[in-house]
Every structure is written in structure tokens, then in C-alpha cells.
Amino acid sequence: MAKSSALMSYNVFTFPNEAQMQLHIKIWEVHGPLMFEKLRENGCLAYSYNQVWNNPGTFKTSAMYEYESPEAFQACQQVMKDYVQSIMSELRGLDVVIEASRNVIRQSIRVTG
């Protein structure tokens, strides 16, 4: 049986142009799965990186993480901070605005099988 998530964090990344957004997508394609392996070891149960498509003329991506507990959230925050620091040279030059939200999951329904 799958563990249920207690907390979720959701970040929206807004870029001034498509080129900046595409660079960010490329960085996440390379580094996201590696970072998730480290997060999973610390209680991150789910990860999703997305491109926002319903706002024509804007350039946005988002990332969603689900955690098994408040302690897992705290541990994963440190993992993310350390991991981002390790790839900072690739992130330099990105002009991005990050909106972050942290949520307590009240109801979650998943399709299985």
C-alpha cells in the first residue's frame, strides 16, 4: 500500500521570455530526477515538474512535491537548498520570479490500477 502524503509544496516559476523558460526546463530535465532520488531518501513521496500552458503569452513552469510528514518536509528543504547550490552556476543568468506555497493535504484521491 502506498504511503499517503501529509504536506505538499508547490512552486510557480515565471520567466520574462520563452528562451529563459526553455533553459530552466532543460536544467530540470537533467537535474530533477537526480534531486528527487535524494528527496525520496528523506521522505518526499511525489515530485512533478510542469509547464503551465493555460496562460497564453506567459512563460511559466511549476514544481510540486508531496511529503510524508512535517519532518520530511524540513529534511527535504535542506536537500533542495544543497542541491540548488551545487548547480548554481547553471542557474545564474535566469531571470525568474518564484511563487511558493506550502499546503497541508486535506483530501487526495488517486487513480490506481
Side-chain angles (χ1 to χ4, degrees):
M1 184 173 175
K3 292 181 181 179
S4 62
S5 302
L7 301 173
M8 180 181 85
S9 62
Y10 187 79
N11 299 318
V12 176
F13 305 92
T14 303
F15 305 91
N17 56 54
E18 186 175 10
Q20 292 270 312
M21 180 183 71
Q22 291 299 332
L23 178 57
H24 194 255
I25 289 170
K26 185 65 177 168
I27 291 168
W28 275 83
E29 285 174 347
V30 170
H31 296 288
L34 300 172
M35 185 176 67
F36 179 67
E37 288 304 313
K38 293 176 186 260
L39 293 173
R40 188 171 61 166
E41 294 168 5
N42 286 277
C44 184
L45 301 175
Y47 152 78
S48 176
Y49 180 70
N50 319 283
Q51 182 176 345
V52 177
W53 58 270
N54 66 330
N55 294 324
T58 62
F59 307 101
K60 295 182 178 191
T61 62
S62 65
M64 182 276 308
Y65 305 90
E66 291 183 25
Y67 310 95
E68 63 186 31
S69 67
E71 295 78 21
F73 171 78
Q74 290 294 331
C76 288
Q77 292 304 296
Q78 187 60 49
V79 170
M80 283 187 227
K81 181 180 176 184
D82 295 344
Y83 201 85
V84 167
Q85 196 65 26
S86 76
I87 62 169
M88 190 54 75
S89 62
E90 292 180 61
L91 297 172
R92 281 196 205 339
L94 283 179
D95 186 15
V96 60
V97 174
I98 303 171
E99 297 172 63
S101 65
R102 309 293 182 246
N103 310 288
V104 173
I105 297 174
R106 297 293 182 197
Q107 184 179 58
S108 179
I109 301 170
R110 296 183 188 268
V111 176
T112 58

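Here the CE atom belonging to M80 is positioned 5.0 Å from the OG atom belonging to S9, to the nearest 0.5 angstrom. Atoms CD and SG, on E71 and C76 in that order, are 11.5 Å from each other to the nearest 0.5 Å.
Listed by chain and residue number, nothing satisfies the side-chain hydrogen bond (donor to acceptor under 3.5 Å, both in side chains) test with T58 (two or more places apart in sequence, or in another chain). For the side chain to side chain contact (heavy atoms under 4.5 Å, CB included) test, residues two or more places apart in sequence or in another chain that qualify with P16 are Q20, D95. Residues that satisfy the side-chain hydrogen bond (donor to acceptor under 3.5 Å, both in side chains) test with Q78, not counting sequence neighbours, are D82. Applying the side chain to side chain contact (heavy atoms under 4.5 Å, CB included) rule to A19 yields the partners N17; only residues at least two apart in sequence or on another chain are considered. For N50, the side-chain hydrogen bond (donor to acceptor under 3.5 Å, both in side chains) partners at least two apart in sequence or on another chain are S48, S62. In this structure Y65 satisfies the side-chain hydrogen bond (donor to acceptor under 3.5 Å, both in side chains) test with no other residue, sequence neighbours excluded. Under the side chain to side chain contact (heavy atoms under 4.5 Å, CB included) criterion, V84 pairs with M88, L91, sequence neighbours left out. With sequence neighbours excluded, the residues forming a side chain to side chain contact (heavy atoms under 4.5 Å, CB included) with R40 are F36, E37, listed by chain and number.
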Determine, step by step, whether R102 and N11 satisfy the side-chain contact (heavy atoms from CB on, under 4.5 Å) criterion, reporting the C-alpha distance in whole Å, the side-chain angles of both residues, the deciding distance to 0.1 Å, and the verdict. CA-CA 9 Å; R102 309 293 182 246; N11 299 318; 3.2 Å; yes
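The stretch residues 70-94 participates, sequence neighbours left out, in these ring pair (Phe, Tyr, Trp, His ring centres under 6.0 Å) pairs: Y67-F73. Among residues at least two apart or in separate chains, salt bridge (charged side-chain N to carboxylate O under 4.0 Å, His left out) pairs with a member in residues 55-70 are K3-E68, E66-R110.
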Can you give each donor-acceptor pair under 3.5 Å made by side-chain atoms of residues 22-29, sequence neighbours left out, with the distance rounded to 0.1 Å?
| from | atom 1 | to | atom 2 | distance (Å) |
| --- | --- | --- | --- | --- |
| H24 | ND1 | Y49 | OH | 2.7 |
| H24 | NE2 | W28 | NE1 | 2.9 |

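Linking ILVMFWY side-chain heavy atoms closer than 4.5 Å, directly or via other members, places W53 and M21 in two distinct hydrophobic clusters. One hydrophobic cluster holds both L39 and L7 under the rule that ILVMFWY side chains link at heavy-atom gaps under 4.5 Å.
When hydrophobic side chains of Ile, Leu, Val, Met, Phe, Trp and Tyr are connected at separations under 4.5 Å, M8 ends up clustered with Y10, V12, M64, I105.
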